[in-house]
Amino acid sequence: MSQEDTFKKIISHAKEYGFIFQSSEIYDGLSAVYDYGQLGAELKNNIKSYWWKSMVMLHENIVGIDSAIFMHPTVWKASGHVDAFNDPLIDNKDSKKRYRADVLIEDYIQKIEAKIDKEITKAQKRFGDSFDEKQFRETNPRVQANQKKIDDVLLRFKTAMENDDLAEVKKIIEDAEIACPVSGSRNWTDVRQFNLMFDTKLGSVNDDASTIYLRPETAQGIFVNYLNVQKSGRLNLPFGIAQIGKAFRNEIVARQFIFRMREFEQMEMQYFIQPGTEKKWFETWKEKRMKWHKALGNDESNLKFHDHDKLAHYANAATDIEFKFPFGFKELEGIHSRTDFDLGQHQKFSGKKIQYFDNERNESYVPYVLETSIGLDRMFLAVLSASYKEETIEKEDGKKDQRVVLAIPPALAPIQLAVLPLVKKDGLPDKAREIINTLKFDFNCHYEEKDSIGRRYRRQDAIGTPYAITVDHETLENNTVTIRDRDTMEQNRVKIEELPEILRSKVSLNSLLKKLEN
RNA sequence: GCGGGAGUAGCUCAGCUGAUAGAGCAUCAGCCUUCCAAGCUGAGGGCCGCGGGUUUGAAUCCCGUCUCCCGCUCCA
């Protein structure tokens with residue numbers, strides 16, 4: 001089966017069993033927006049718990065917050081998102097390639113600069129020690145002409161961007177005779193502006209001052225609360241603030257099911273540290289986060305680190321944890337050493353002193369930040385796609401049989417236990433209900449009496465229920481039931497009174513969290 | 001946004017050389033009472049993605065539009 005087929009099957013499966021539906025489907029859907037159904041919501045909540053507890057419960061110096069999606073507009077100026085998220089884009093009609101217009105112009109300038117440098121290197125050789133670069137730049141006609149080209153283009157581009165004049169940006173590209181690196185042609189579309197942040201209006205007055213953004217990342221909600229949390233919690237460096245929440249990005253191309261959505265959920269932890277210790281913490285958190293993924297017990301070859309060569313404006317080290325999705329290895333989580341960029345920016349823009357007094361060093365400084373940021377929806381998709389299995393099994397009579405099973409890590413499964421009366425008479429249903437009533441406070445149980453027992457097992461396999469107990473006639477005699485394992489399909493007869501202990505050891509989050517400690 | 005592919009029942013799909021909309025699975029009710037799906041009887045369920053056009057007549061042909069998938073591009 002091809003990867004594409006597998007992916008399609010997972011999408012269908014997710015819909016058929018109530019994990020994920022397309023948003024507003026009855027109205028033809030809304031592009032790149034999805035809803036979590038009855039089982040999806042359970043799985044998603046379990047992933048959240050696993051993450052939250054691993055951060056907040058297992059680290060006494062990490063606390064969790066829940067900041068608002070709406071924030072003061074200046075937050076996004078300080079963070080650099082207002083500038084960085086406004087990309088003028090242009091397509092080449094022949095190669096069908098898309099470029100950022102500003103990048104094309106930058107490349108063009110770089111080329112000219114390279115020419116100037118060449119000119120200077122040549123002159124340097126010619127004049128030897130007596131070479132005066134400054135004078136040469138000011139007097140050499142070829143250098144001057146090229147420098148003028150650069151200055152002109154830069155000025156025009158700056159003015160055009162300030163005036164939001166996209167037609168002018170296109171004209172600059174045309175006038176500079178910039179060609180597509182792939183097709184070599186200068187057959188360009190118009191320049192279009194893509195604002196990757198959603199905006200909306202706060203208040204009833206519709207002027208510019210009331211424009212606010214839906215946050216494109218949750219991190220800033222942590223940074224702007226740094227002082228509040230540190231002071232009210234009497235926290236000392238190093239300490240972390242964790243948060244789970246929605247973020248919004250108006251992606252140019254939102255694709256691949258829930259992998260890239262316009263509305264998505266992030267699980268972020270910002271770890272505030274002493275400057276100079278960032279390398280150490282970067283390594284520590286790389287290891288911790290990878291351990292978190294591996295504890296789930298899925299095939300470890302599905303996970304790998306991918307270090308960034310190109311770093312964002314605020315980072316001095318960055319790596320991704322990539323997961324082998326059905327469409328290839330893609331980013332699941334990012335671990336970034338963010339330096340003091342964010343807090344420094346907020347200090348600058350807000351005018352508030354955002355610093356930490358370090359008793360050991362006897363000095364104040366802006367803390368450095370080590371960020372771990374994982375996409376909850378991506379994690380959901382990772383769990384789902386790693387779990388989905390189509391098995392061919394041999395029946396007792398030798399016939400081949402197919403089953404679809406979601407081998408979801410037991411602690412994350414939407415339903416942990418199915419309770420099935422072998423037949424729906426002879427008091428077996430009542431006995432089954434009785435058992436559920438003792439277990440439902442600790443486990444998410446599901447009762448099912450319709451259809452043959454085998455069929456019911458398969459239905460539970462399809463939604464990833466790790467255990468099923470069957471109430472039969474023997475149960476009425478000696479209070480024992482059979483417990484069936486989803487993955488091995490093996491059954492054991494156990495006492496009803498032993499069920500809580502057995503289940504706890506297999507499906508509780510505790511056992512998963514304990515793996516993180518060794 | 002560009003190019004390619006696709007939208008028919010909850011799911012997978014057939015019907016596409018115009019003429020009452022079908023199958024398998026699933027669902028519901030009943031029978032059977034069985035430890036690994038597909039036994040029997042019956043039932044419900046579709047503006048054939050949406051809008052327009054051609055035609056006596058459109059799921060089918062034409063145009064537009066929306067949504068999904070793949071590639072390009074981007075990814076804090």
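Throughout, protein chains are lettered first and strands after them, A, B, ... in sequence-line order, and every chain is numbered starting at 1. It should be emphasised that the depicted structure is a prediction, and the values quoted were computed from it without experimental measurement.
Not a single donor-acceptor contact under 3.5 angstrom links the side-chain atoms of A:Arg403 to the base of B:C36. Put simply, the side chain of A:Arg456 and the base of B:C36 share no donor and acceptor less than 3.5 Å apart.
Relative to the six-membered ring of A:Phe305, A:Lys286 meets both conditions, a distance below 6.0 Å and an angle of at most 45° to the axis. Cation-pi geometry between A:Lys48 and A:Trp51 is not met: the NZ or CZ atom fails to fall both under 6.0 Å from the ring centre and inside 45° of the normal.
Listed nucleotides: B:C36, B:C75, B:C35. Nearest to the side chain of A:Met489: B:C36. Each of B:C36, B:U33, B:C69 was ranked by its minimum atom distance to the side chain of A:Lys425; first place goes to B:U33. Candidate nucleotides B:C69, B:C11, B:C35 were compared by shortest atom distance to the side chain of A:Lys15, and B:C11 ranks first.
The pairing partner recorded for B:A23 is B:U12, the criterion being a Watson-Crick or G-U wobble arrangement whose two distances lie under 3.5 angstrom.
The aromatic ring centroids of A:Phe257 and A:Phe259 lie 6.0 Å or more from each other. Close placement of the A:His13 and A:Tyr388 rings is indicated, their centers lying within 6.0 Å of each other.
Contact annotation: A:Gln22 reaches the phosphate of B:C68 (side-chain N/O to OP1 or OP2, under 4.0 Å). The side chain of A:Ser12 places an N or O atom within less than 4.0 Å of a non-bridging phosphate oxygen (OP1 or OP2) of B:U12.
Comparing the C1' positions of B:C68 and B:U20 gives an interatomic distance of 32 Å, to the nearest angstrom. The gap from the C1' atom of B:G1 to that of B:C61 amounts to 30 Å, rounded to the nearest Å.
Among all heavy-atom pairs drawn from A:Ile408 and A:Gly464, the shortest one is CD1-CA, 4.3 Å. Of all heavy-atom pairs between A:Pro410 and A:Lys506, the closest is CB-O, 3.5 Å.
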Pairs: protein N or O with nucleotides 43-51 of chain B N or O, under 3.5 Å:
unit_1, atom_1, unit_2, atom_2, d
B:G49, O2', A:Asp28, OD1, 3.3

Quick test: give all pairs of protein nitrogen or oxygen and nucleotides 24-31 of chain B nitrogen or oxygen below 3.5 Å, distance rounded to 0.1 Å.
unit_1, atom_1, unit_2, atom_2, d
B:A26, OP1, A:Arg455, NH1, 2.4
B:U27, OP1, A:Arg459, NH1, 2.9

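Rounded to an integer number of Å, the gap from CD1 of A:Ile469 to C1' of B:C35 is 14 Å.
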